[in-house]
**Student:** 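Here it is: the structure, laid out below.
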Amino acid sequence: MKAIELPKAYDPKDFEDRIYAMWKSGGYFAPRMDAAAEGSAAPAGSVSTSASPAAASSGESAVRQDPFVIVIPPPNVTGVLHMGHGLNNSLQDVLIRYWRMKGRPTLWVPGTDHAGIATQNVVERRLKEKGLGRHDLGREKFIEETWKVKEEHHAIISKQLEKIGSSCDWSRERFTMDEGCSRAVREVFVGLYERDLMYKGEYLVNWCPSCGTALADDEVDHEERMGGLWEIRYPLSGGGGHLTVATTRPETMFGDTAVAVHPEDDRYKSYIGRKVKLPLTDREIPVIADAYVDREFGTGCLKITPAHDPNDFEIGNRHHLERINVLTDDGRMNGSAPEFVQGLPAKEARKKTVEKLEAEGFLASHKEHSHQVGHCYRCNTVVEPYLSTQWFVRMKPLADKALAAWQAGELQFFPKKWENTYRHWLENIRDWCVSRQIWWGHQIPAWTCKNCGALHVLREDPEVCPKCGSSELERDPDVLDTWFSSWLWPFSTIGWPDVLDSNGKPKPGSDLAKFYPTAALVTGYDIIFFWVARMIMAGLEFMGDVPFRDIYITGLVRDKQGRKMSKSLGNGIDPLDVVNTYGADAMKFTLAYLSAQGEDIPMDMETSKLGSKFANKIWNATRFILMNLEGRNLADPADAERRIADRWILHRLNEAVKAVDAAMAAYRFDDMAHAVYEYFWNDYCDWYVECAKLGLYGEDDAEKDRTATMLIYVLEESLKLLHPFLPFITEEIWGKINPNREPLIVAPYPEADAARENPAAEASFGVLKELVTAVRTMRSEFTIPPSKDVKVRVEITGEAGDALAGTEEIAAMLVKSDDFAVAAEGESFEGSLAAVGRGFTAHVFIKNLIDIEAAADRFRKSIQKAAGLIEGKKKKLSNENFVSRAPEDIIAKEKESLAEMEDALERSAAYLAALES
RNA sequence: GGGUGGGUAGCUCAGUUGGUUAGAGCGUCGGUUUUACACGCCGGAUGUCCUGGGUUCGAGUCCCAGUCCGCCCACCA
């Protein structure tokens with residue numbers, strides 16, 4: 001056959017886009033079920049491997065037929081993909097491609113998230129640049145604008161996912177605010193309401209005055225800040241002194257409705273039940289007793305402001321105190337505060353209040369004080385505890401189910417350590433505030449009748465009040481927390497609730513019936529609470545089953561200093577830059593290689609060189625093989641004679657397959673990547689291809705054909721093995737070798753194969769490697785130029801003879817020797833230096849080329865080292881305790897290794913003596 | 001305060017149930033431009049496995065104590 005040309009340089013830009021387009025248009029991303037339904041044929045095997053014995057003998061391992069499904073963690077349409085997405089989607093793609101090749105119907109559902117507050121903020125920021133606010137546009141127009149932003153980012157995100165090679169089924173793409181997902185949200189909201197798991201209540205929520213909305217507890221970031229701690233005197237009504245309270249927020253004192261002391265606090269016991277006068281006002285408030293008060297802290301007197309502090313809110317409930325809100329929803333003092341601060345932002349009001357307290361003699365002290373302050377996780381504004389009416393999901397019943405499912409083993413976390421995090425959160429669950437006072441999102445399906453006051457939560461928009469018939473209905477203006485659609489994602493994306501039959505079961509043949517529950521979730525640990533746990537709750541509540549069985553938690557991609565990548569630090573790297581510089585394969589392989597047990601991954605641009613070098617190696621090894629095909633008649637590899645190197649490399653290949661399978665079962669991406677890397681580079685390239693040069697460069701045409709046949713056969717098996725980790729380059733090469741077959745993406749993955757297992761070949765080849773390395777080391781140490789041929793005689797001193805039989809030519813080539821042979825009986829080794837190995841001594845005739853004293857020195861050193869080791873071993877073996885208590889096989893091993901060492905030492909010593917004489 | 005992860009080569013990290021002389025990538029040193037690859041090839045060097053104790057015939061691995069980093073959750077006015 002003709003030589004196949006491969007461009008000299010590996011340049012992923014030449015083919016990555018073309019390959020992706022081929023996969024996409026060929027429909028290879030859709031689950032095989034779809035193809036079967038359309039009657040397309042099963043893929044043919046590779047031409048050169050079509051009669052491979054491997055295919056037939058995979059025997060024992062049962063082939064899985066259940067679908068392998070992943071639903072993508074939907075990226076936010078607030079921006080574009082960052083390196084975290086790069087990692088996440090690269091790993092998902094590895095899983096998907098592996099199982100696709102394994103023959104399971106495989107589906108990866110792509111999609112994006114509307115990201116409520118975050119996206120709204122993006123739009124508001126843009127408006128602000130034009131000097132506008134959202135109210136200038138009005139709700140409808142504003143949402144229109146937001147959709148534009150969504151479309152803009154969605155286009156970029158989709159493009160990026162394609163660029164990094166994600167093999168997701170674009171025909172099934174979803175968005176959290178598309179019609180289907182919106183119906184799911186509505187159904188769930190109403191369903192929860194009907195089950196009394198959704199309620200409306202007045203509650204102290206985390207209020208972001210900048211976003212103008214409530215936030216869930218999880219959406220508040222706490223940061224250490226310096227602030228003040230003021231002590232204020234509250235005069236006792238009717239005279240007789242005062243109580244001094246401490247506060248970090250003096251301006252909220254106008255909302256105080258009590259002063260609390262500890263019931264057992266002797267200092268204050270007598271005051272309980274009396275009243276104090278609230279400074280700067282005319283109000284009197286009671287002194288109450290509550291065990292919450294810490295006697296040690298501050299003065300032991302606590303002012304109670306139920307409307308502005310979560311703990312005070314609880315205390316207020318216990319003592320039925322009035323809640324007086326003194327702030328507006330944009331963080332200013334409202335009408336409940338005295339006139340002199342009304343309308344001022346809280347911070348300024350604080351200053352004024354303190355000044356006035358001081359002027360009027362109420363201020364006892366002031367000092368600096370460091371404490372935690374809550375900030376909005378979207379805009380970083382200081383969050384206010386704020387009294388308002390919100391919608392809540394009653395989480396306890398849902399959390400209990402989620403815990404039970406985990407305890408029953410229906411879910412597995414990888415790595416396992418995250419299970420504690422999951423459990424802990426569920427055990428301490430709080431109700432979830434789901435209403436948000438913004439415009440972008442799913443509007444709450446609740447209406448209040450202005451006429452009769454009835455509240456209606458409905459699946460369909462009502463025309464008139466179902467209770468009184470009035471058309472004066474007002475819809476709740478709020479929208480739902482963005483996670484309220486995300487937590488339905490594993491089933492809303494595949495048809496729920498539209499494909500349910502009248503019994504609430506998925507219709508047979510629907511995606512929901514086929515693909516739920518999904519197989520795996522791949523996500524970061526930062527959203528175990530936000531998302532993972534809630535999806536499990538929703539799945540159990542509405543589908544009666546967990547949404548996925550395996551949860552792989554990735555690490556975070558960090559910079560080289562270990563810092564989170566962030567916009568503000570400017571230390572992020574763009575996955576597209578990586579792809580443009582090194583290619584998608586390089587990025588994917590590098591990330592997998594570095595994904596140790598979900599540990600964080602420190603990386604910069606250079607890091608991806610690792611994968612890039614590997615891809616380059618694959619490219620060049622292939623190029624070498626393909627350029628040697630000229631004039632060759634390739635046979636069926638099943639019929640080709642197997643030499644020692646062939647048996648060995650097939651054994652190594654099989655070991656790599658086994659390693660990948662094992663690592664895959666444990667979601668050890670680093671182990672998978674290491675296994676294929678070592679196999680291909682260290683075994684296939686460094687040894688197998690090097691050995692093959694003997695056959696390729698010889699005179700014997702039949703041997704050339706045989707060598708080429710085996711080379712390309714093993715290469716193709718290797719391409720299959722490598723494909724999930726470097727899909728583009730392997731597909732490109734696969735197509736070059738034979739353009740007239742099904743693409744590699746759907747080729748059968750190599751199965752562990754007992755017929756390839758060959759420990760004997762492994763052992764034999766190991767001896768050859770040891771021999772070659774020993775001679776090379778000697779050459780290197782005595783700086784014999786690589787181009788210089790040397791004479792070598794191998795003295796067989798043990799069992800190495802059988803192993804080395806028939807390998808002389810290969811060995812001669814690999815050590816660069818023009819006169820290489822196993823030593824004859826009684827042959828003289830005059831003029832040589834010896835390399836001592838297990839079962840052999842290689843005599844290298846270079847004495848005339850080197851410094852004898854240096855050589856002797858080398859021997860003395862190695863003998864000294866060996867003697868030390870032997871001494872240690874002897875000591876161990878003569879230890880009564882060891883011999884009597886250690887297992888027999890360990891003792892046997894030790895004895896064997898001692899014998900080997902002693903043998904080698906003896907030979908070295910004899911050689912040294914000869915050298916010195 | 002409650003959890004939780006970690007300290008192994010110059011750097012970043014592997015090291016599965018305790019068992020030969022502790023590994024990888026990068027870096028480093030020496031040699032090499034041999035017609036696949038200098039993003040290569042060949043060879044070398046480098047470790048109080050945080051500290052101290054314990055269990056064991058045997059500890060990087062198990063136990064205890066200490067120490068130093070990190071993360072998550074909660075939070076006192």
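In the text below, chain A, chain B and the rest are named by the order of the sequence lines, each starting its count at 1. Only heavy atoms go into these numbers, but all of them, side chains included; no hydrogens, no water, no symmetry mates. Small disclaimer: the values here were computed from a predicted structure and weren't measured.
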**Student:** May I ask which nucleotide in the shown strands pairs with B:rA77, Watson-Crick or G-U wobble, both distances under 3.5 Å?
**Tutor:** none

**Student:** Would you measure the distance from the C1' atom in B:rG25 across to the matching atom in B:rU21 and give it in whole Å?
**Tutor:** 23 Å

**Student:** So which one's nearest nucleotide on RNA chain B is more toward 5', A:V689 or A:R776?
**Tutor:** A:V689

**Student:** To the nearest 0.5 Å, tell me how far A:K788 NZ sits from A:K816 NZ.
**Tutor:** 10.5 Å

**Student:** Report the base-pairing partner of B:rU32 (Watson-Crick or G-U wobble, both distances below 3.5 angstrom), or none.
**Tutor:** B:rG40

**Student:** When you compare B:rU12 with B:rG47, how far apart are their C1' atoms, in angstrom units rounded to a whole number?
**Tutor:** 16 Å

**Student:** Heavy atoms only, 4.0 Å cut-off, all strands: where does A:Y10 land among base, sugar-phosphate and nothing?
**Tutor:** nothing

**Student:** Side chain of A:S780 only, please: which of B:rG43, B:rG19, B:rA14 is the nearest?
**Tutor:** B:rG43

**Student:** So what does A:R249 touch, heavy atoms closer than 4.0 Å: a base, only the sugar-phosphate, or nothing?
**Tutor:** nothing

**Student:** Can you list everything that forms a ring-ring contact (aromatic ring centres under 6.0 Å, His included) with A:Y268? Sequence neighbours excluded, please.
**Tutor:** none

**Student:** Please classify the nucleic acid contact of A:T248 as base, sugar-phosphate, or nothing, using heavy-atom distances under 4.0 Å.
**Tutor:** sugar-phosphate

**Student:** Looking at B:rA24, B:rU4, B:rU32, which one has an atom nearest to any side-chain atom of A:N420?
**Tutor:** B:rU4

**Student:** Both distances below 3.5 Å, Watson-Crick or wobble geometry, any strand: find the nucleotide opposite B:rG18.
**Tutor:** none

**Student:** Angle class for the A:F680/A:Y684 ring planes (parallel below 30°, perpendicular above 60°, tilted otherwise)?
**Tutor:** parallel

**Student:** If only side-chain N and O atoms of A:K417 are considered, is one of them under 4.0 Å from the OP1 or OP2 phosphate oxygen of B:rC71?
**Tutor:** no

**Student:** Using a heavy-atom cut-off of 4.0 Å across all strands, would you classify A:R430 as base, sugar-phosphate, or nothing?
**Tutor:** sugar-phosphate

**Student:** Specify the closest pair of heavy atoms between A:A586 and A:S612, including all atoms of both residues, with the distance to one decimal.
**Tutor:** CB-N, 3.4 Å

**Student:** Contact list please: residues 611-629 of chain A against RNA chain B, heavy atoms, distance less than 4.0 Å, in numerical order.
**Tutor:** A:S612, A:K613, A:N616, A:K617, A:N620, A:A621, A:R623, A:F624, A:M627

**Student:** Taking the C1' atom of each, how far is B:rA77 from B:rG5, in whole Å?
**Tutor:** 33 Å

**Student:** Could you please name the option among B:rU20, B:rG25, B:rC76 that lies closest to any side-chain atom of A:S897?
**Tutor:** B:rU20

**Student:** A:I784 versus A:I850: any side-chain heavy-atom pair under 4.5 Å?
**Tutor:** yes

**Student:** Any side-chain heavy-atom pair from A:L357 and A:P279 closer than 4.5 angstrom?
**Tutor:** yes

**Student:** Residues of residues 659-666 of chain A with any non-hydrogen atom less than 4.0 angstrom from an atom of RNA chain B: list those, numerically ordered, please.
**Tutor:** none

**Student:** I'd like to know if A:E690 pairs up with A:K693 as an ion pair, taking the criterion as any Lys NZ or Arg NE/NH1/NH2 lying under 4.0 Å from an Asp or Glu carboxylate oxygen.
**Tutor:** yes

**Student:** Quickly work out the A:M603 CE to B:rG25 C1' distance and round it to whole Å.
**Tutor:** 13 Å

**Student:** Can you tell which of B:rC42, B:rG43, B:rG19 lies closest to the side chain of A:F882?
**Tutor:** B:rG19

**Student:** Pick base, sugar-phosphate or nothing for A:T247, based on heavy-atom distances below 4.0 Å to the nucleic acid.
**Tutor:** sugar-phosphate

**Student:** If you measure from the P atom in B:rC49 to the same atom in B:rU8, how many Å do you get, rounded?
**Tutor:** 11 Å

**Student:** B:rG58 phosphate, OP1 or OP2: any side-chain N/O from A:N879 under 4.0 angstrom?
**Tutor:** no

**Student:** Do A:M605 and A:V578 come within less than 4.5 Å of each other through their side chains, counting heavy atoms only?
**Tutor:** yes

**Student:** Does a side-chain N or O of A:Y697 approach OP1 or OP2 of B:rA36 to a distance below 4.0 Å, or not?
**Tutor:** yes

**Student:** Give A:D889 one of three labels, base, sugar-phosphate or nothing, depending on what nucleic acid heavy atoms sit under 4.0 Å from its own.
**Tutor:** nothing

**Student:** Touch check for A:K8, heavy atoms < 4.0 angstrom, all strands: base, sugar-phosphate only, or nothing?
**Tutor:** sugar-phosphate

**Student:** Looking across every strand, which nucleic acid part, if any, lies under 4.0 Å from A:F782 by heavy atom: base, sugar-phosphate, or nothing?
**Tutor:** nothing

**Student:** Measure from the side chain of A:Y593, starting at C-beta and using heavy atoms only, and say which of B:rC13, B:rU20, B:rA24 lies closest.
**Tutor:** B:rA24

**Student:** What nucleic acid atoms does A:D294 come within less than 4.0 Å of, heavy atoms only: base, sugar-phosphate, or nothing?
**Tutor:** base

**Student:** Take atom P in B:rU32 and the same atom in B:rA24, then report the distance between them in whole Å.
**Tutor:** 25 Å

**Student:** Give the nucleotide from the list B:rA77, B:rC42, B:rG19 with an atom nearest to the side chain of A:Y292.
**Tutor:** B:rA77

**Student:** Is there a Watson-Crick or G-U wobble partner for B:rC71 with both distances under 3.5 Å, and if so, which one is it?
**Tutor:** B:rG3

**Student:** Which of these nucleotides, B:rC73, B:rA77, B:rA24, is closest to any side-chain atom of A:F529?
**Tutor:** B:rC73

**Student:** Please work out which of the three classes, parallel, tilted or perpendicular, describes the rings of A:Y552 and A:Y667, given edges at 30° and 60°.
**Tutor:** parallel

**Student:** Taking atom types as modelled, is there a side-chain donor on A:T305 or A:K303 under 3.5 Å from an acceptor on the other?
**Tutor:** yes

**Student:** Counting any heavy atom closer than 4.0 Å, what does A:P887 reach on the DNA or RNA strands: base, sugar-phosphate only, or nothing?
**Tutor:** base

**Student:** Determine the interatomic distance between P on B:rA9 and the same-named atom on B:rA22; round to the nearest Å.
**Tutor:** 14 Å

**Student:** Do the side chains of A:I553 and A:T523 get nearer than 4.5 Å, heavy atoms only?
**Tutor:** yes

**Student:** Pick the C1' atom in B:rA65 and in B:rU17, then give their distance to the nearest Å.
**Tutor:** 26 Å

**Student:** Report yes or no: is there a donor-acceptor pair, N or O only, under 3.5 Å between the side chain of A:E690 and the base of B:rA36?
**Tutor:** yes

**Student:** A:K693 near the nucleic acid: base, sugar-phosphate alone, or nothing, with a heavy-atom cut-off under 4.0 Å?
**Tutor:** base

**Student:** Looking at B:rC72, I'd like to know if its phosphate oxygens (OP1 or OP2) sit under 4.0 Å from a side-chain N or O belonging to A:R423.
**Tutor:** no

**Student:** Can you measure from CG (A:L833) to CZ (A:F782) and round to the nearest 0.5 angstrom?
**Tutor:** 5.5 Å

**Student:** Please give the distance between the C1' atoms of B:rG60 and B:rG19 as a whole number of Å.
**Tutor:** 13 Å

**Student:** What's the closest nucleotide to the A:C685 side chain, out of B:rC75, B:rG44, B:rA36?
**Tutor:** B:rA36

**Student:** With distance as the sole criterion, is a donor-acceptor pair present between the side chains of A:D600 and A:Y525 under 3.5 Å?
**Tutor:** yes

**Student:** What nucleic acid atoms does A:W681 come within less than 4.0 Å of, heavy atoms only: base, sugar-phosphate, or nothing?
**Tutor:** sugar-phosphate

**Student:** Classify the nucleic acid contact of A:T299 as base, sugar-phosphate or nothing, counting any heavy atom under 4.0 Å across all strands shown.
**Tutor:** nothing

**Student:** Give A:L610 one of three labels, base, sugar-phosphate or nothing, depending on what nucleic acid heavy atoms sit under 4.0 Å from its own.
**Tutor:** sugar-phosphate

**Student:** Just wondering, more than 12 heavy atoms not from A:R350 lying within 6.0 Å of its CZ?
**Tutor:** yes

